[in-house]
Amino acid sequence: MATETPEPLLMGVLNVTPDSFSDAGRHLDPDAAVEQGRRLVEEGAAIVDVGGESTRPGAEPVPAAFELERTIPVIERLAAGRDTGPAGVRVSIDTTKAEVAAAALGVGARIVNDVSAFRFEPETAGLVAGAGATCVLMHMLGEPRTMQAGPRYEDVVSEVKAFLEERLAFAVAEGVPEKHVWLDPGIGFGKTLDHNLELLARLDEIVALGRPLVIGTSRKSFLGRLTGREGGERLPGTIATNVLALAAGASVFRVHDVGEVADALAGRGPGDDEPAAR
Ligand code: HH2
């Protein structure tokens with residue numbers, strides 16, 4: 001393992017959807033979405049992750065036209081900086097569709113966050129390579145519609161690690177430089193409570209792949225299950241798990257509550273440079 005200690009980067013979640021599990025419908029209006037993006041940056045987000053399709057368990061895919069209509073005008077405004085200051089916001093597009101990734105890159109997104117890790121539409125890899133963009137490749141068991149139907153692993157950590165290794169090799173073979181690939185174990189994507197906890201406890205094994213690690217625990221249902229208050233407040237669990245992930249070597253923290261998590265990680269960031277692998 002390398003010895004450098006990168007600044008943590010906060011990735012603020014901006015769901016432009018009617019049905020996301022946590023912030024459904026709150027930012028469907030483009031003005032409201034841009035305003036929320038601006039707020040996330042003010043609170044300390046180095047990246048704003050814009051999504052137009054919910055990937056919550058059981059979610060059905062939405063047509064590309066819907067995703068485009070929801071996300072592109074918002075990304076265009078955030079990336080151009082008209083509403084946020086001259087530099088513009090570093091935007092990632094949360095999509096599994098090549099068409100949406102291409103349009104987002106075309107209006108200034110610099111990161112493609114693909115929760116299918118290029119499995120659903122492999123041609124996205126070539127688009128990322130051609131644009132000189134960065135990608136986040138995440139582990140998910142199957143697809144959102146069915147992923148929580150009795151997920152099973154022999155050893156969740158080694159299986160997630162092997163998957164990410166294979167997807168990283170695929171991306172590189174398609175022309176994406178390794179330095180432009182970030183990895184994510186996919187907390188809650190085809191995992192039981194125990195699987196999520198095991199991944200968090202042994203995150204250093206995934207960090208050892210040598211790429212910046214993205215972690216997304218924010219407000220997820222396993223945190224409610226842990227406290228026995230399923231619908232309740234999940235911010236304490238969000239903070240605790242992000243602090244644990246930071247200690248294990250994660251570099252990018254995908255959260256809804258940017259200000260609160262920034263406070264919790266303070267002293268170690270949030271930074272605004274490239275995240276480094278350890
Ligand atoms: N989690 C969600 C969506 N995208 N991307 C990455 N890289 N890692 C994650 O853990 C991750 C992700 C799910 O959260 P959210 O966007 O809040 O909900 P929804 O999918 O319902 O819109």
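Indexing begins at 1, ligand by ligand and atom by atom, following the structure's order.
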* Numbered atoms and elements of ligand 1 in range of V136, under 4.0 angstrom, heavy atoms -> 7 (N)
* Any idea which atoms of ligand 1 are less than 4.0 Å away from a heavy-atom of H256? -> 17 (O)
* Asked: For ligand 1, which atoms sit closer than 4.0 Å to a heavy atom of N15?
  -> 15 (P), 16 (O), 17 (O), 18 (O), 22 (O)
* Taking atom types as modelled, find out whether D114 and T96 have a side-chain donor-acceptor pair closer than 3.5 angstrom. => no
* Asked: Side chains of S218 and H256: do they bring a donor and an acceptor to under 3.5 Å?
  -> yes
* Would you please determine whether M11 falls within less than 4.0 Å of ligand 1 on a heavy-atom basis? => no
* To do: Specify side chain, backbone, both or neither for M138, according to which of its non-hydrogen atoms lie closer than 4.0 Å to ligand 1.
  => side chain
* Asked: Is S20 touching ligand 1 with its side chain, its backbone, both, or neither, if touching means heavy atoms under 4.0 Å apart?
  -> both
* To do: Select one of side chain, backbone, both or neither to describe which atoms of V115 lie under 4.0 Å from any atom of ligand 1, heavy atoms only.
  => side chain
* ligand 1 contact on T55 by region, counting heavy-atom pairs under 4.0 Å -> both
* **Enumerated ligand 1 atoms positioned under 4.0 Å from heavy atoms of G216** => 10 (O)
* Asked: Is it true that N113 lies under 4.0 Å from ligand 1, counting heavy atoms only?
  -> yes
* To do: Applying side chain to side chain donor-acceptor pair (under 3.5 Å), name anything that partners E35, two or more places apart in sequence or on another chain.
  => R38
* Asked: Honestly, is R167 close enough over F170, meaning NZ or CZ under 6.0 Å from the six-membered ring centre and within 45° of the axis?
  -> yes
* Structure fact -> Paired with L213, the side-chain contact (heavy atoms from CB on, under 4.5 Å) test is passed by just one of L203, V252, D184, D204, namely L203
* Report the residues that fulfil ring-ring contact (aromatic ring centres under 6.0 Å, His included) with H27, sequence neighbours left out, ordered by chain and then residue number. => none
* **Per-residue contact class, D49 against ligand 1 - non-hydrogen pairs under 4.0 Å** => neither
* To do: Check whether the side chains of T238 and R219 place a donor and an acceptor atom closer than 3.5 Å, and report yes or no.
  => no
* To do: Answer yes or no for R219: is there a heavy-atom contact with ligand 1 below 4.0 Å?
  => no
* Asked: Are F189 and H139 close enough that their ring centers fall under 6.0 Å?
  -> no
